[in-house]
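The block underneath contains the structure these notes are about, expressed in structure tokens.
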Amino acid sequence: MTVRHWLMKSEPETFSLDHLAQMPKRTTMWDGVRNYQARNMIRDDMRVGDLVFFYHSNCAEPGIVGLCEVARAAYPDPSAFDPSSPYHDPQSDPANPRWYVVDVKLKRRLKRNITLGELKAASPLADMALVRRGNRLSVMPVTADEWDFILSLE
DNA sequence: GCCAACGTTGGC
DNA sequence: GCCAACGTTGGC
């Protein structure tokens with residue numbers, strides 16, 4: 001099976017790499033994704049063992065900070081059904097869930113933050129959605145070549 | 001189905 | 001904190 005590659009964004013004020021490192025089994029349920037394009041990738045395309053870059057967004061130094069793997073394939077996002085959750089969506093019906101999660105496990109921290117500025121400056125990454133203007137996708141695929149190139153920057 | 005208004009994302 | 005870019009909503 002071909003292992004595939006992804007990038008997932010998180011705001012460190014909400015959930016940082018440090019938070020993930022402190023979770024039991026260094027694994028978290030990646031909840032709260034409320035974008036259909038991202039949902040479709042989570043639900044339809046992510047497989048156990050796929051590799052994931054952990055990206056810090058909306059912070060002082062946005063960039064890739066960790067390397068993770070998918071530890072559990074898609075299942076309905078329980079936060080959508082929880083009225084006390086900030087991610088509650090009354091229109092998501094347990095019988096026909098609208099939103100999905102995967103579990104993500106930290107494999108290792110990167111040796112350093114590979115910053116958005118560096119990624120933008122690297123011509124091999126010019127086609128990445130991440131470096132395109134106005135991009136807001138919180139889950140995106142990464143090609144094998146992009147993956148290897150990014151790791152070579154470490 | 002169009003599109004203006006609105007809310008959110010996320011870099012700066 | 002600002003604001004451009006984008007996705008969603010809802011009136012028509």
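Proteins get letters first, then strands, A, B, ... in listed order; numbering begins at 1 in each.
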- prompt: Just wondering, do A:Tyr87 and A:Phe81 contact through their side chains at under 4.5 Å, heavy atoms?
  reply: no
query: Which residues satisfy the salt bridge (Lys or Arg N to Asp or Glu O under 4.0 Å) test with A:Glu61, sequence neighbours excluded?
result: none
field: Members of residues 119-128 of chain A that approach DNA chain B, where some heavy atom sits under 4.0 Å away
entry: A:Lys120
Residue pairs passing the ring-ring contact (aromatic ring centres under 6.0 Å, His included) test where at least one lies in residues 43-66 of chain A, sequence neighbours excluded: A:Trp30-A:Phe54, A:Phe53-A:Trp147, A:Phe54-A:His56
Partners meeting salt bridge (Lys or Arg N to Asp or Glu O under 4.0 Å) with A:Glu154 (sequence neighbours left out): A:Arg108
task: Extract, from 5' to 3' on DNA chain B, the first and final nucleotides lying under 4.0 angstrom from some heavy atom of chain A.
output: B:dG7 to B:dC12
message: Side chains of A:His88 and A:Ser85: any donor to acceptor distance under 3.5 Å?
response: no
- prompt: How would you list, by chain and number, every residue that makes a salt bridge (Lys or Arg N to Asp or Glu O under 4.0 Å) with A:Arg109, sequence neighbours excluded?
  reply: A:Asp18
query: Is the backbone N or O of A:Lys105 less than 3.5 Å from a side-chain atom of A:Lys25, with the two atoms forming a donor-acceptor pair by type?
result: no
message: Keeping A:Asp77 on the side-chain end and A:Gly32 on the backbone end, is there a donor-acceptor pair under 3.5 Å?
response: yes
- line: Between A:Arg98 and A:Asn135, the residue closer to the 5' end of DNA chain C by nearest nucleotide is A:Asn135
